[in-house]
Every structure is written in C-alpha cells, then in structure tokens.
Number of protein chains: 2
Amino acid sequence: MSILSERQKLILSLVVHDYIKTATPVGSKNLVEKFRLDFSPATVRNELAKLTEMNFLSQPHTSAGRIPTEKGYRLFVGVLMNTQELKEENRHMIEHQFFQTQQDQGIDGWMKLAASILASQSKAISLVSAPLPIRNSLKHVALIDLTGKQMLIVLVLTSGQMQQRFVTLTEQVSQNKLTMTANEINQRFKGMTTDQIHQEKQKSTTNNALMELVMKNVLNAMYETDAMKAGEVFTDGISNVLAEPEFAESEEARQALRIFEEQPALQSFLSKTALDQKIGGVQVLIGGEGLLTNLQNCSLVLARYGIPETLTGTVGVFGPMRMAYSRNIPTVRFIASLLSDLISESLVELQ
Amino acid sequence: MSILSERQKLILSLVVHDYIKTATPVGSKNLVEKFRLDFSPATVRNELAKLTEMNFLSQPHTSAGRIPTEKGYRLFVGVLMNTQELKEENRHMIEHQFFQTQQDQGIDGWMKLAASILASQSKAISLVSAPLPIRNSLKHVALIDLTGKQMLIVLVLTSGQMQQRFVTLTEQVSQNKLTMTANEINQRFKGMTTDQIHQEKQKSTTNNALMELVMKNVLNAMYETDAMKAGEVFTDGISNVLAEPEFAESEEARQALRIFEEQPALQSFLSKTALDQKIGGVQVLIGGEGLLTNLQNCSLVLARYGIPETLTGTVGVFGPMRMAYSRNIPTVRFIASLLSDLISESLVELQ
DNA sequence: CTTTAGCACTCAAGTCAATCGAGTGCTAAA
DNA sequence: TTTAGCACTCGATTGACTTGAGTGCTAAAG
C-alpha cells in the first residue's frame, strides 16, 4: 500500500469536507473553483482517479463526482482532520447551559441535560447511558418512623444513588428501636456489594423480625438499582437527523431510527460496544459497524465518562456518515469530561 | 343547517373509515364495491355532492375522490363512531405490559411505561404529562446524621413525591438533636403548602441555626418539586409517525415534529389545553387547533388522569388527522384510568 | 320525487423520448 | 509532471402524450 502524497491528502480532505457540507458527489472543477486550488481540474482528476483506485473514494456512477468511502472517512478522522480542542467560546456556551439549571436533580438530571445539549450542538442524535456501577455498595441505611406503624427505609449507595421504601409494620415500633437496628446494619454491612451482603446475611440468622424485614427490603432495593437504573439510555435529537437527505429520502432508513426509541436494543448495543474504552478517549465508529444493517451509512462518536473501575457510562453522537466529525469529536469529549467531573464531585460529597 | 339522513351518515362514516385506512381520496364507485352497498355509484355521487356542499367532505381537485374535512372528522368522532369500550382482550394485554415490570419505580416510571405502551398500541406519538399537584404539601421531614458533619434531609410530600438533600454542617451535631429538630418541624409545618410554610416561617424567627438551615433547604426542595417535576412530559413513538404519508412526504411536517422533543413547548401547550377537562373524560382536538401551524392536519386525543383537585396529569395520543379514533379513544381512556388507579393507590399507601 | 344509466369532461400520475450538463478518462502537447 | 482539449457517459430535467379514476349533468326509468 503506497503512501499518500501531501497533495493527495489535501485533496482527499477537501473532498470529505465538501461532501459533508453538500451531500452531493464532488467533482474536479467544482473543487478547484471552490477552494481556489492552484493546479488545474485535470490534475485534480488524476489524483482523484488514484484515490479512487486506492479505495478512499468512490463514484455512484461513471460520470459523477466522488464520494468518500468508509476507508476515506477513517483516514480523514484518524489522520487528516486536525482535532483541535473545542473553542473556548463553545466550551463556555456548553458550561453555561449545563449550570444555568441550578437545581441539582441528581445523576439522571445531568444525563438528560447532557443529551439535550449534545443534540443541539451536534444537530444529530445524542446518546447518554447511565453510569453502570461496576462495584456499587452500601454506604448508609437510615430507618425513619413515620406514623408509628409505617417506616421509611432510606438507602444511600456509594454510586451516589438513593432509594427509599415504605414499609408497613405489623406492630408499633419506636424510633429508638429503629435507630438501633439501623446502626447495627450499618456496622455489619457497610461497604459491601449486593452479593457480599447476601452472603454475609446467610452466615448468622437472627431471630430479630424487624431486622429481617429491613434487610429483605434493602436487598431488594439494591438489586433493583443494580439491574435497572444501570443501563438506562437517554436519547435526544431524533428529529435533528430527519432533515438529513440520508433519512429524508429513504423510508427504510427512517424506519431504522426506531431503534433509538427502544431501550433494550440500545442498552445491549452500547454495553457491547464501548466497554473497553478508557475514560476520556473518543472512539469513532464509521459505517454503523455492528449497528442495524439499515443504518450502514451512519457513524457513531462515543466516549466513556465517569470514574474508572467504579462508575462509568457512555456518551455519544449518532448521525449520517458524513457528520461534522471535526466539531462533534471535541464536543463529545468535552461533555464526557464535564460528566466525569460532576460524577466524581457527587461521589466526593458522599464520602 | 339541515339534518343528515341515515344514508348520508352511513356514507360519511364509510368515507372516513376508508380514508383512515388508505390515505387516498375515496370515490363513489370504489365505495360501492368495497362495502357492497345496495345503491348505485350515481346515487352515492349525489350524496357525496351534498356532503361536500355541507362541508363535511372536500376534494383535492375537481376530478378526484373525497377527503373528510375537519368538520367531517368532528361529526364522525362525536356522533357516527360507536365508541365502545376497549376489548377485554386488549385491556388484558395492556394491563399485562403494565404490571410485568414488577419494580415499583415511582410515578415517573409509570409514566414512562404508559407512554411506551400507548405509543405501541396507537402507532402514533404518545404524551404523558407528570401529574401537577394542585395542592402539594409537606407530609414528613426526616433528618439523618451521616458522618457527624453531614446530614441527609428527606422530604415526603402529600403527592407521593420525595426529595433528598445532602447538607454539610459547620459543626458536629448528634442524631438526637437532629431528631428533635425534625419533630419540631413536623409539628409546626405538617400539611402546609410551600406558600403556607413560607408565611408561617415569617411569623417567628428562631435563633436556632440548625433549624434555619434545614428550613431553607426544605423550602428550596419544595419549590423545585412544585416548579420542575410538575409539568414534565414523557413522549414516545415519534418514529411511529414517520411512516405516515403525511410526514413522509412533507419536509415541513417532519421538521414540525421537533416540538415533541422540546419540553417547554409541550408543557405550556398541555397545561393551556387540557386543564378544564374532568378526570376520565376524553377530549379530541381535531386539526391541530392551537398547536404548531405546520401540524394542521393532525389530531390529538387527550384525557386527564389522577385525583381531582389534588394531583392531575394529562395523557394523550398525537397523530395524523386520519388516525384510528375508534381504537385510540378507548385506549387513551383506559390508560388514563389505570394511571389514576395507580396514583390513588400510591397516595393511600402514604396516608 | 328518487334512483340510475349514460356520457362528456377533468386532472393527477405515469410513460417515453429528447435534451442538458456536470463530470469523466484519455491523449497529446507544453 | 502538468495541462488543454475532446469525445463520451449517464442521471436529472423537461415536455408532450396517454391513462384512468372520478366527477357533474341530463334524461329516462321506477
């Protein structure tokens, strides 16, 4: 495989650029005029022919302009594009949107917000998956007497999530008794994961009915948190992408967008795809690899966020293969870092 | 305004029926053949002409079949359609979907679920707005010592919503002191709305710093709940509607679907629209009245759910004007009643 | 007075051929 | 190695023509 000349690289990246903007095959004459190149269309044609030969470009039909191939996009994203950081200005704008909503609504709220901002910035579909606690454990249990015969169980987990349960008791129990029970549970189970608690509990059976009742609820609530909240995926901007010719024209492609309204499919896809990525790095999937077959000329820009080995989620942008990588990649990276910061702050707060 | 003959009613409803199915203008001959009418096409033509005169039907151009007008749909929905209850079979299916998710995820979870079920049943866009507590008041406050210098404030509201806050204290405070403060607050403010608490608090200023701190947080949290969670709208099934010819063909209409990804617009629309509806009743808005101008040949089926005068939200279906009213209306009604039941149950639990 | 057969008329949608033009590859000269 | 020139390709556009579902009107039949 021969190495590309500088001029070839230039021309290739111009083609990609132009095609991203116009979505129409780009030809030699057009290229020379638009970018004021100082060689002739014929020269450009020769180079285009070579690039086509090497499979970086393709032609929809013999007498049309060129379109980047998957391979072309890959080279563009990997080498040709100058991935600068996001402009100061844009960073501020995003931060502003993030923090003007003063209410702290917890992790869920942040994710929703991130999805909304990312969608509006990228004009594409945004995906934000809930951080999956790799090791979620019990931080604190509190028991609160409500009416004498009803109590509230409040659970704080190391991931920063909380759960509450109402439980109706068979007999009157004093707040004192509740506090003592809570203390005992905290001493014995603090810092343990769901499974560890389960095992520990097997060891010694108390005949303390209250204790049993509480622990049953605690375990249930923890299982739920583990299983459910874990993989939830927030999505935004589906309508953004409807304007793109790729989707406007093909009924099939439009149907394929259904997938973004189907939690289970999204979850399994994201969890399969991005797990081995390190925090902060951005991964670009070009040509809908592994995704739905009808979405083949689409791309996905993904990044992981959170705290390594502890609590990590995925954030990303989905759009046509000719998406604005040079804007989307830094944006995704920046939003991932914002989310990471927010999450580690919220963990520190709970320390 | 003359009254329609039985035959005219029959023909009108057949036209509506057929147009809902085929989305193409329906003509006399076709009508007679498809429904095996025992009068001739010419007769039907005469009737169609009269119905057109009376503005129940219209023609896209002089030599085409008829299409129902807004007025036509209104008559159909209001009088001609036999609004039977949802079939036993369908009710069971919906209930099953509703309750197979065993986890009780709180009101939010139910709403999401309702939106998802409604979208899949109606093949249109579903809307579920969070119940707006008309009179939300404080049920219980609990203060929990976490680490000696951090406490957790747990707020239970009469609407069944909960809020927690972490607060870092300037000095060590015992759980005992916290419990006493909580008791005091509960005695003084229990059952009051945000505004009432605000007033009551003005009356006597304590020099109890802890008390002040807690109350500041309680009020904040309550304001947030009032303002924010209140109007949130869950949406599902946007991609359903993309297949409909109304949207597949018009770029404009597709753009207009953006509105379903914009919380503020949705919230204000729903709150303006459906407030004066009584619980259980179903309201049908034909011709996108008041909604976006680009969505004029669309309709909305809405119902209120919840507990009258206390905690009510809206549930509904949005689709092309030629939607399957006869299926969607009972479905919306049924789902509204399910949600109402769930909400009143959850309130009873908290009593 | 109502229904229906017959007929001329309308008009969107489909078919087909001609034309246009952006783009190509190749060759030969600079 | 670059470029001008030229014949060629082929999708897109245009416009004339045909087709057919549907109409309104009239006059005869019930």
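Order of the sequence lines sets the chain letters (A, B, ...), proteins ahead of strands, with each chain counted from 1. No hydrogens, no waters, no symmetry mates; every other heavy atom, side chains included, goes into these values.
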Colleague: Taking the side chain of A:Thr43 as its heavy atoms from C-beta onward, which of C:dA5, D:dT3, C:dC11 lies nearest to it?
Modeller: D:dT3
Colleague: With side chain to side chain donor-acceptor pair (under 3.5 Å) as the criterion, how do A:Tyr19 and A:Thr24 come out once you've worked through the C-alpha distance, each side chain's angles and the decisive distance to 0.1 Å?
Modeller: CA-CA 6 Å; A:Tyr19 186 67; A:Thr24 36; over 6 Å; no
Colleague: Grab the two heavy atoms, one from A:Ala64 and one from A:Gln59, that are nearest each other, plus how far apart they are.
Modeller: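 So the two residues come closest at O-NE2, 3.2 Å.
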Colleague: Once you apply the 3.5 Å cut-off to both distances, tell me the Watson-Crick or G-U wobble partner of C:dA29, or none.
Modeller: D:dT2
Colleague: Along nucleotides 16-30 of chain C, 5' to 3', which nucleotides get a B, which get an S, and which get a -, given that the test is a protein heavy-atom distance under 4.0 Å?
Modeller: -------SBB-----
Colleague: Just the rounded figure in Å: distance from C1' of D:dA4 to CZ of A:Phe39.
Modeller: 17 Å
Colleague: Roughly, in whole Å, what's the span from CG in B:Asp18 to P in D:dA21?
Modeller: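 About 15 Å, once rounded to whole Å.
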Colleague: For atom CD of A:Glu252, is the number of surrounding heavy atoms from other residues, nucleotides or ligands below 6.0 Å larger than 12?
Modeller: no
Colleague: Between A:Glu244 and A:Lys123, does at least one N-O distance fall below 4.0 Å, as a salt bridge requires?
Modeller: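 Not counted as a salt bridge, because no side-chain N and carboxylate O are separated by less than 4.0 Å.
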Colleague: Rounding to an integer number of Å, can you tell me how far A:Leu37 CG sits from D:dT2 C1'?
Modeller: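 Value for this atom pair: 14 Å.
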Colleague: Taking the six-membered ring where the residue is Trp, are the ring centres of B:Phe260 and B:Phe318 under 6.0 Å apart?
Modeller: yes
Colleague: May I ask you to establish whether A:Arg7 and A:Phe39 are in a cation-pi arrangement, using a distance under 6.0 Å from NZ or CZ to the six-membered ring centre and at most 45° from the ring axis?
Modeller: yes
Colleague: With a 3.5 Å limit on both atom pairs, tell me what C:dC1 is paired to, counting Watson-Crick and G-U wobble, or say none.
Modeller: D:dG30
Colleague: For the pair made of CD1 in B:Ile67 and P in D:dA21, what is the distance, rounded to whole Å?
Modeller: 18 Å
